[in-house]
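What follows is a set of notes on a single structure, which appears directly below.
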Number of protein chains: 2
Amino acid sequence: MNRITQKLSPSLEDYLEAVYRISLNGKIPRVKDISALLKVKTPSVVAALKALERRGMVVHEKYGYIELTRRGEKEAERIYKTHMVLKQFFEKVLGVDSSIAEEDACTIEHYLNQDTFDRLVKFLEFIETCPNQTPFWLKSFHHYVEEGERPPGCGKRNGNKKEQ
Amino acid sequence: MNRITQKLSPSLEDYLEAVYRISLNGKIPRVKDISALLKVKTPSVVAALKALERRGMVVHEKYGYIELTRRGEKEAERIYKTHMVLKQFFEKVLGVDSSIAEEDACTIEHYLNQDTFDRLVKFLEFIETCPNQTPFWLKSFHHYVEEGERPPGCGKRNGNKKEQ
DNA sequence: TATAAAATATAGTCTTATCTAACTTTATGG
DNA sequence: CCATAAAGTTAGATAAGACTATATTTTATA
(Lines give C-alpha, C1' and ligand atoms only; values in the text may rest on other atoms or scores of the structure.)
Protein backbone atom coordinates (compact mmCIF):
# COMPACT_ATOMS: atom_id res chain seq x y z
CA MET A 1 0.00 0.00 0.00
CA ASN A 2 1.53 3.29 -1.07
CA ARG A 3 1.89 6.21 1.20
CA ILE A 4 -0.66 8.96 0.96
CA THR A 5 0.73 12.46 0.68
CA GLN A 6 -2.49 14.44 0.81
CA LYS A 7 -3.09 17.02 3.48
CA LEU A 8 -4.49 15.66 6.72
CA SER A 9 -8.17 16.07 7.52
CA PRO A 10 -9.15 18.10 10.60
CA SER A 11 -9.98 14.86 12.33
CA LEU A 12 -6.60 13.27 11.64
CA GLU A 13 -4.88 16.48 12.67
CA ASP A 14 -6.65 16.18 16.01
CA TYR A 15 -5.37 12.66 16.54
CA LEU A 16 -1.86 13.63 15.54
CA GLU A 17 -1.92 16.58 17.88
CA ALA A 18 -3.21 14.38 20.70
CA VAL A 19 -0.27 12.01 20.32
CA TYR A 20 2.07 14.97 20.34
CA ARG A 21 0.55 16.56 23.43
CA ILE A 22 0.57 13.36 25.43
CA SER A 23 4.22 12.87 24.51
CA LEU A 24 4.96 16.46 25.56
CA ASN A 25 3.58 15.65 29.00
CA GLY A 26 6.25 12.99 29.29
CA LYS A 27 3.81 10.11 28.95
CA ILE A 28 3.98 7.27 26.51
CA PRO A 29 0.83 7.70 24.39
CA ARG A 30 -1.66 4.86 24.63
CA VAL A 31 -4.80 4.32 22.63
CA LYS A 32 -6.79 4.87 25.80
CA ASP A 33 -5.16 8.24 26.53
CA ILE A 34 -5.91 9.49 23.05
CA SER A 35 -9.48 8.30 23.27
CA ALA A 36 -9.90 10.05 26.62
CA LEU A 37 -8.36 13.29 25.38
CA LEU A 38 -10.44 13.48 22.22
CA LYS A 39 -13.58 11.98 23.75
CA VAL A 40 -13.99 9.28 21.16
CA LYS A 41 -14.13 5.51 21.53
CA THR A 42 -11.01 3.42 21.17
CA PRO A 43 -11.90 1.87 17.79
CA SER A 44 -11.96 5.36 16.34
CA VAL A 45 -8.45 5.91 17.66
CA VAL A 46 -7.19 2.66 16.16
CA ALA A 47 -8.68 3.56 12.79
CA ALA A 48 -7.17 7.02 12.91
CA LEU A 49 -3.74 5.70 13.83
CA LYS A 50 -3.91 3.35 10.88
CA ALA A 51 -4.75 6.28 8.61
CA LEU A 52 -1.93 8.35 10.07
CA GLU A 53 0.45 5.45 9.58
CA ARG A 54 -0.52 5.23 5.90
CA ARG A 55 0.38 8.90 5.68
CA GLY A 56 3.78 8.36 7.27
CA MET A 57 2.92 10.39 10.34
CA VAL A 58 3.11 7.76 13.08
CA VAL A 59 4.34 4.25 13.68
CA HIS A 60 1.97 2.06 15.60
CA GLU A 61 2.75 -1.53 16.41
CA LYS A 62 -0.18 -3.72 17.30
CA TYR A 63 -0.94 -3.62 21.01
CA GLY A 64 2.24 -1.65 21.38
CA TYR A 65 3.96 1.67 21.04
CA ILE A 66 2.67 4.71 19.26
CA GLU A 67 5.35 7.04 17.98
CA LEU A 68 5.48 10.09 15.79
CA THR A 69 7.71 9.96 12.76
CA ARG A 70 9.93 12.91 11.97
CA ARG A 71 7.31 14.19 9.58
CA GLY A 72 4.54 13.55 12.05
CA GLU A 73 6.30 15.47 14.74
CA LYS A 74 6.92 18.46 12.52
CA GLU A 75 3.30 18.49 11.44
CA ALA A 76 2.02 18.09 14.99
CA GLU A 77 4.27 20.93 16.11
CA ARG A 78 2.83 23.17 13.44
CA ILE A 79 -0.72 22.37 14.49
CA TYR A 80 0.05 22.79 18.15
CA LYS A 81 1.70 26.15 17.54
CA THR A 82 -1.34 27.33 15.65
CA HIS A 83 -3.47 26.16 18.52
CA MET A 84 -1.42 28.09 21.07
CA VAL A 85 -1.30 31.24 19.01
CA LEU A 86 -5.06 31.23 18.50
CA LYS A 87 -5.73 30.54 22.14
CA GLN A 88 -3.38 33.32 23.16
CA PHE A 89 -5.11 35.73 20.84
CA PHE A 90 -8.61 34.86 22.01
CA GLU A 91 -7.64 34.99 25.66
CA LYS A 92 -5.17 37.81 25.89
CA VAL A 93 -6.37 40.12 23.19
CA LEU A 94 -10.11 39.52 22.95
CA GLY A 95 -10.42 38.55 26.61
CA VAL A 96 -12.38 35.37 25.98
CA ASP A 97 -12.67 32.83 28.80
CA SER A 98 -9.91 30.28 28.90
CA SER A 99 -12.17 27.31 28.21
CA ILE A 100 -13.91 28.95 25.27
CA ALA A 101 -10.60 30.15 23.90
CA GLU A 102 -9.38 26.57 24.11
CA GLU A 103 -12.46 25.27 22.36
CA ASP A 104 -12.25 27.76 19.51
CA ALA A 105 -8.53 27.28 19.10
CA CYS A 106 -9.10 23.54 18.92
CA THR A 107 -11.32 23.78 15.87
CA ILE A 108 -9.94 26.80 14.12
CA GLU A 109 -6.36 25.53 14.23
CA HIS A 110 -7.26 23.28 11.32
CA TYR A 111 -8.42 26.02 9.02
CA LEU A 112 -6.05 28.96 9.32
CA ASN A 113 -3.97 29.84 6.27
CA GLN A 114 -0.24 30.04 6.73
CA ASP A 115 -0.24 33.72 5.92
CA THR A 116 -2.99 34.51 8.38
CA PHE A 117 -1.14 32.52 11.00
CA ASP A 118 2.11 34.37 10.34
CA ARG A 119 0.40 37.70 10.78
CA LEU A 120 -1.34 36.62 13.93
CA VAL A 121 2.04 35.63 15.33
CA LYS A 122 3.40 39.03 14.43
CA PHE A 123 0.41 40.65 16.06
CA LEU A 124 1.07 38.89 19.36
CA GLU A 125 4.76 39.65 19.00
CA PHE A 126 3.92 43.28 18.44
CA ILE A 127 1.95 43.32 21.66
CA GLU A 128 4.56 41.47 23.67
CA THR A 129 7.47 43.59 22.55
CA CYS A 130 5.70 46.80 23.45
CA PRO A 131 7.92 48.89 25.72
CA ASN A 132 5.02 49.00 28.18
CA GLN A 133 3.95 45.79 29.93
CA THR A 134 0.57 45.93 28.23
CA PRO A 135 0.01 48.42 25.42
CA PHE A 136 -2.24 51.31 26.36
CA TRP A 137 -4.56 50.63 23.45
CA LEU A 138 -5.11 47.05 24.62
CA LYS A 139 -5.94 48.20 28.13
CA SER A 140 -8.29 50.69 26.54
CA PHE A 141 -9.98 47.97 24.55
CA HIS A 142 -10.52 45.86 27.64
CA HIS A 143 -11.93 48.90 29.38
CA TYR A 144 -14.18 49.44 26.37
CA VAL A 145 -15.48 45.88 26.58
CA GLU A 146 -16.13 46.08 30.31
CA GLU A 147 -17.53 49.60 30.55
CA GLY A 148 -19.02 50.09 27.12
CA GLU A 149 -17.01 53.20 26.42
CA ARG A 150 -13.45 54.24 25.69
CA PRO A 151 -11.38 55.37 28.64
CA PRO A 152 -10.42 59.03 28.85
CA GLY A 153 -7.49 59.97 26.66
CA CYS A 154 -7.90 57.03 24.33
CA GLY A 155 -6.92 57.85 20.77
CA LYS A 156 -5.66 61.31 21.59
CA ARG A 157 -2.43 61.18 19.68
CA ASN A 158 -1.20 61.67 16.10
CA GLY A 159 -3.81 62.50 13.52
CA ASN A 160 -6.97 64.30 14.50
CA LYS A 161 -4.61 67.05 15.57
CA LYS A 162 -7.31 69.65 15.99
CA GLU A 163 -8.46 67.93 19.16
CA GLN A 164 -5.05 67.81 20.78
CA MET B 1 -41.23 13.27 8.85
CA ASN B 2 -40.55 15.40 11.91
CA ARG B 3 -38.45 18.47 11.81
CA ILE B 4 -34.87 18.22 12.96
CA THR B 5 -33.78 20.84 15.45
CA GLN B 6 -30.10 20.01 15.69
CA LYS B 7 -27.45 22.56 14.87
CA LEU B 8 -26.52 22.75 11.20
CA SER B 9 -23.34 21.14 9.97
CA PRO B 10 -20.69 23.38 8.42
CA SER B 11 -21.68 22.05 5.02
CA LEU B 12 -25.36 22.88 5.46
CA GLU B 13 -24.43 26.29 6.82
CA ASP B 14 -22.56 26.89 3.58
CA TYR B 15 -25.60 26.04 1.49
CA LEU B 16 -27.84 28.21 3.62
CA GLU B 17 -25.44 31.10 3.36
CA ALA B 18 -25.23 30.64 -0.38
CA VAL B 19 -29.00 30.96 -0.75
CA TYR B 20 -28.89 34.06 1.41
CA ARG B 21 -26.08 35.71 -0.52
CA ILE B 22 -27.66 35.07 -3.89
CA SER B 23 -30.90 36.57 -2.61
CA LEU B 24 -28.99 39.58 -1.30
CA ASN B 25 -27.70 40.18 -4.81
CA GLY B 26 -31.30 40.54 -5.91
CA LYS B 27 -31.32 37.26 -7.79
CA ILE B 28 -33.76 34.43 -7.38
CA PRO B 29 -31.61 31.55 -6.17
CA ARG B 30 -31.45 28.57 -8.48
CA VAL B 31 -29.87 25.21 -7.92
CA LYS B 32 -27.34 26.03 -10.58
CA ASP B 33 -26.30 29.30 -8.92
CA ILE B 34 -25.73 27.59 -5.62
CA SER B 35 -23.75 24.83 -7.26
CA ALA B 36 -21.60 27.41 -9.05
CA LEU B 37 -21.02 29.44 -5.91
CA LEU B 38 -20.03 26.49 -3.75
CA LYS B 39 -18.28 24.56 -6.50
CA VAL B 40 -20.24 21.38 -6.04
CA LYS B 41 -22.41 19.42 -8.46
CA THR B 42 -26.13 20.04 -8.64
CA PRO B 43 -27.19 16.74 -7.01
CA SER B 44 -25.29 17.80 -3.92
CA VAL B 45 -27.27 21.02 -3.86
CA VAL B 46 -30.56 19.19 -4.17
CA ALA B 47 -29.62 16.87 -1.30
CA ALA B 48 -28.56 19.79 0.85
CA LEU B 49 -31.76 21.71 0.16
CA LYS B 50 -33.74 18.66 1.19
CA ALA B 51 -31.79 18.49 4.45
CA LEU B 52 -32.29 22.19 5.05
CA GLU B 53 -35.98 21.80 4.39
CA ARG B 54 -36.20 19.02 6.97
CA ARG B 55 -34.66 21.47 9.40
CA GLY B 56 -37.16 24.17 8.61
CA MET B 57 -34.59 26.48 7.07
CA VAL B 58 -35.78 26.66 3.47
CA VAL B 59 -38.75 25.84 1.31
CA HIS B 60 -37.94 24.25 -1.99
CA GLU B 61 -40.60 23.22 -4.43
CA LYS B 62 -39.60 20.70 -7.02
CA TYR B 63 -38.18 22.35 -10.13
CA GLY B 64 -39.23 25.60 -8.61
CA TYR B 65 -38.47 28.31 -6.12
CA ILE B 66 -35.99 28.19 -3.29
CA GLU B 67 -36.85 30.41 -0.37
CA LEU B 68 -35.51 30.94 3.12
CA THR B 69 -37.94 30.55 5.98
CA ARG B 70 -37.93 33.11 8.77
CA ARG B 71 -35.69 30.86 10.80
CA GLY B 72 -33.46 30.16 7.83
CA GLU B 73 -33.01 33.83 7.14
CA LYS B 74 -32.09 34.61 10.72
CA GLU B 75 -29.59 31.79 10.77
CA ALA B 76 -28.11 32.76 7.42
CA GLU B 77 -27.79 36.33 8.60
CA ARG B 78 -25.89 35.20 11.67
CA ILE B 79 -23.48 33.14 9.58
CA TYR B 80 -23.01 35.89 7.05
CA LYS B 81 -22.30 38.43 9.77
CA THR B 82 -19.69 36.15 11.27
CA HIS B 83 -18.18 35.80 7.84
CA MET B 84 -17.97 39.54 7.34
CA VAL B 85 -16.56 40.22 10.77
CA LEU B 86 -13.85 37.62 10.34
CA LYS B 87 -12.97 38.86 6.90
CA GLN B 88 -12.80 42.42 8.14
CA PHE B 89 -10.51 41.39 10.97
CA PHE B 90 -8.15 39.40 8.76
CA GLU B 91 -8.00 42.10 6.13
CA LYS B 92 -8.08 45.33 8.06
CA VAL B 93 -6.33 44.36 11.24
CA LEU B 94 -3.93 41.60 10.28
CA GLY B 95 -3.47 42.90 6.74
CA VAL B 96 -4.11 39.58 5.03
CA ASP B 97 -4.84 39.57 1.30
CA SER B 98 -8.48 39.91 0.41
CA SER B 99 -8.75 36.48 -1.20
CA ILE B 100 -7.08 34.67 1.68
CA ALA B 101 -9.14 36.62 4.19
CA GLU B 102 -12.22 35.50 2.29
CA GLU B 103 -11.09 31.90 2.28
CA ASP B 104 -10.34 31.81 5.99
CA ALA B 105 -13.55 33.62 6.89
CA CYS B 106 -15.46 31.09 4.82
CA THR B 107 -14.31 28.14 6.89
CA ILE B 108 -13.89 29.72 10.29
CA GLU B 109 -17.34 31.27 10.27
CA HIS B 110 -18.70 27.84 11.14
CA TYR B 111 -16.64 27.38 14.26
CA LEU B 112 -16.55 30.64 16.18
CA ASN B 113 -18.24 30.72 19.59
CA GLN B 114 -20.83 33.40 20.15
CA ASP B 115 -18.73 34.99 22.86
CA THR B 116 -15.62 35.10 20.71
CA PHE B 117 -17.67 36.58 17.92
CA ASP B 118 -19.11 39.27 20.19
CA ARG B 119 -15.68 40.30 21.32
CA LEU B 120 -14.33 40.37 17.81
CA VAL B 121 -17.19 42.68 16.89
CA LYS B 122 -16.31 44.92 19.80
CA PHE B 123 -12.69 44.87 18.74
CA LEU B 124 -13.53 46.13 15.27
CA GLU B 125 -15.94 48.65 16.78
CA PHE B 126 -13.18 49.82 19.08
CA ILE B 127 -10.94 50.42 16.10
CA GLU B 128 -13.61 52.12 14.02
CA THR B 129 -14.75 54.48 16.74
CA CYS B 130 -11.22 55.67 17.44
CA PRO B 131 -11.10 59.47 17.28
CA ASN B 132 -8.28 59.11 14.76
CA GLN B 133 -9.05 57.67 11.31
CA THR B 134 -6.84 54.70 11.98
CA PRO B 135 -5.50 54.16 15.49
CA PHE B 136 -1.82 54.89 15.86
CA TRP B 137 -1.13 51.46 17.27
CA LEU B 138 -2.67 49.79 14.23
CA LYS B 139 -0.55 51.87 11.88
CA SER B 140 2.41 50.92 14.04
CA PHE B 141 1.55 47.27 13.72
CA HIS B 142 1.35 47.49 9.95
CA HIS B 143 4.67 49.27 9.95
CA TYR B 144 6.04 46.51 12.16
CA VAL B 145 4.87 43.85 9.71
CA GLU B 146 6.30 45.65 6.69
CA GLU B 147 9.58 46.87 8.14
CA GLY B 148 10.24 44.30 10.84
CA GLU B 149 10.51 46.89 13.57
CA ARG B 150 8.31 49.26 15.55
CA PRO B 151 8.07 52.81 14.26
CA PRO B 152 9.68 55.52 16.38
CA GLY B 153 7.60 56.65 19.33
CA CYS B 154 5.55 53.46 19.48
CA GLY B 155 4.55 52.51 22.99
CA LYS B 156 5.93 55.63 24.61
CA ARG B 157 2.99 56.46 26.83
CA ASN B 158 1.51 55.46 30.21
CA GLY B 159 3.29 52.82 32.23
CA ASN B 160 7.00 52.28 31.95
CA LYS B 161 7.20 55.79 33.28
CA LYS B 162 10.90 55.68 34.06
CA GLU B 163 11.67 55.75 30.35
CA GLN B 164 9.47 58.66 29.53
C1' DT C 1 1.41 -19.43 36.71
C1' DA C 2 -3.38 -19.55 35.66
C1' DT C 3 -6.89 -16.54 35.22
C1' DA C 4 -9.49 -12.26 35.55
C1' DA C 5 -9.37 -7.59 34.21
C1' DA C 6 -7.84 -4.06 31.25
C1' DA C 7 -6.38 -2.60 26.91
C1' DT C 8 -6.46 -3.03 22.15
C1' DA C 9 -8.17 -4.67 17.70
C1' DT C 10 -11.63 -6.25 14.23
C1' DA C 11 -16.01 -6.52 11.99
C1' DG C 12 -19.88 -4.47 10.73
C1' DT C 13 -23.34 -0.46 10.90
C1' DC C 14 -24.76 4.36 10.39
C1' DT C 15 -24.57 9.15 8.89
C1' DT C 16 -22.91 12.82 6.16
C1' DA C 17 -21.43 14.56 2.08
C1' DT C 18 -19.74 14.16 -2.06
C1' DC C 19 -19.80 12.21 -6.90
C1' DT C 20 -21.49 10.07 -11.78
C1' DA C 21 -24.96 8.42 -14.80
C1' DA C 22 -29.41 8.41 -16.21
C1' DC C 23 -33.93 10.35 -16.16
C1' DT C 24 -37.64 14.19 -15.94
C1' DT C 25 -39.27 18.71 -16.20
C1' DT C 26 -39.10 23.40 -17.85
C1' DA C 27 -37.71 26.96 -21.06
C1' DT C 28 -36.71 28.59 -25.62
C1' DG C 29 -36.08 29.62 -30.48
C1' DG C 30 -37.40 28.19 -35.20
C1' DC D 1 -46.14 24.47 -31.05
C1' DC D 2 -42.88 21.38 -30.57
C1' DA D 3 -37.91 19.86 -30.65
C1' DT D 4 -34.13 20.40 -28.28
C1' DA D 5 -31.29 22.45 -24.86
C1' DA D 6 -30.87 23.65 -20.17
C1' DA D 7 -32.02 22.92 -15.53
C1' DG D 8 -33.23 19.99 -12.01
C1' DT D 9 -33.96 15.37 -9.92
C1' DT D 10 -33.25 10.46 -8.69
C1' DA D 11 -30.63 6.42 -7.93
C1' DG D 12 -26.68 4.36 -6.68
C1' DA D 13 -21.53 4.41 -5.51
C1' DT D 14 -17.85 5.88 -2.58
C1' DA D 15 -15.24 7.67 1.32
C1' DA D 16 -14.59 9.50 5.92
C1' DG D 17 -15.40 9.15 10.50
C1' DA D 18 -17.91 8.00 14.13
C1' DC D 19 -20.29 4.12 16.74
C1' DT D 20 -21.50 -0.88 19.05
C1' DA D 21 -20.58 -5.57 19.75
C1' DT D 22 -17.30 -8.91 19.88
C1' DA D 23 -12.73 -10.97 19.72
C1' DT D 24 -7.93 -10.95 20.94
C1' DT D 25 -3.84 -9.72 23.38
C1' DT D 26 -1.41 -7.98 27.34
C1' DT D 27 -1.00 -7.04 32.21
C1' DA D 28 -1.80 -7.70 36.84
C1' DT D 29 -2.91 -10.50 40.65
C1' DA D 30 -4.51 -14.28 43.59
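Here is how names work: the chains are called A, B, and so on, in the same order as the sequence lines, proteins then strands, and each is numbered from 1.
Between B:Lys122 and B:Asp118 there is no salt bridge, since no side-chain N of the basic residue sits under 4.0 Å from a carboxylate O of the acidic one. A salt bridge is absent between A:Arg71 and A:Glu75; no separation between the charged side-chain nitrogens and carboxylate oxygens falls under 4.0 Å. Look at B:Arg78 and B:Glu13 and you find a salt bridge, because one of the NZ, NE, NH1 or NH2 atoms lies within 4.0 Å of a carboxylate O, short of that distance.
Between A:Lys50 atom NZ and C:dT10 atom P the separation is 7 Å, expressed in whole Å. In this structure, NZ of B:Lys32 is placed 18 Å from P of C:dT26, rounded to the nearest angstrom. Distance CD (A:Glu61) to C1' (C:dA7): 15 Å, rounded to an integer number of Å. Here C:dC19 presents its C1' atom at 18 Å from NZ of B:Lys39, a figure rounded to the nearest Å. Across the protein-nucleic acid pair, B:Lys7 atom NZ and C:dT16 atom P stand 14 Å apart, rounded to whole Å. To the nearest angstrom, C1' of C:dT15 lies 12 Å from CG of B:Leu12. B:Ile28 has its CD1 atom 15 Å from the C1' atom of C:dA27, to the nearest Å. Distance, A:His60 NE2 to C:dT8 C1': 8 Å, rounded to whole Å.
Ring-plane geometry between A:Tyr111 and B:Tyr111 is classed as parallel, the angle between the planes falling under 30 degrees on a 0 to 90 degree scale with a further cut at 60. Relative orientation of the B:Phe89 and A:Phe89 rings is tilted, given thresholds of 30° and 60° on the angle between their planes. Classification of the B:Tyr144-A:Phe126 ring pair by plane angle, with boundaries at 30° and 60°, yields tilted. Using cut-offs of 30° and 60° on the angle between ring planes, the pair B:Phe123 and B:Trp137 is tilted.
The B:Ser9 side chain lies nearest to C:dA17 when the options are C:dA17, D:dG17, C:dA9. Nearest to the side chain of B:Ser11, among D:dG8, C:dT8, C:dA17, sits C:dA17.
For A:Tyr63 against D:dT24, a side-chain N or O and a base N or O form a donor-acceptor pair under 3.5 Å.
For A:Tyr65 and C:dT8, the shortest distance from a side-chain N or O to OP1 or OP2 is not below 4.0 Å. Proximity of B:Arg30 to the phosphate of D:dA7: no side-chain N or O atom is located under 4.0 Å from OP1 or OP2.
Of all the residues in residues 40-47 of chain B, B:Val40, B:Lys41, B:Pro43, B:Ser44 reach under 4.0 Å from DNA chain C with at least one non-hydrogen atom.
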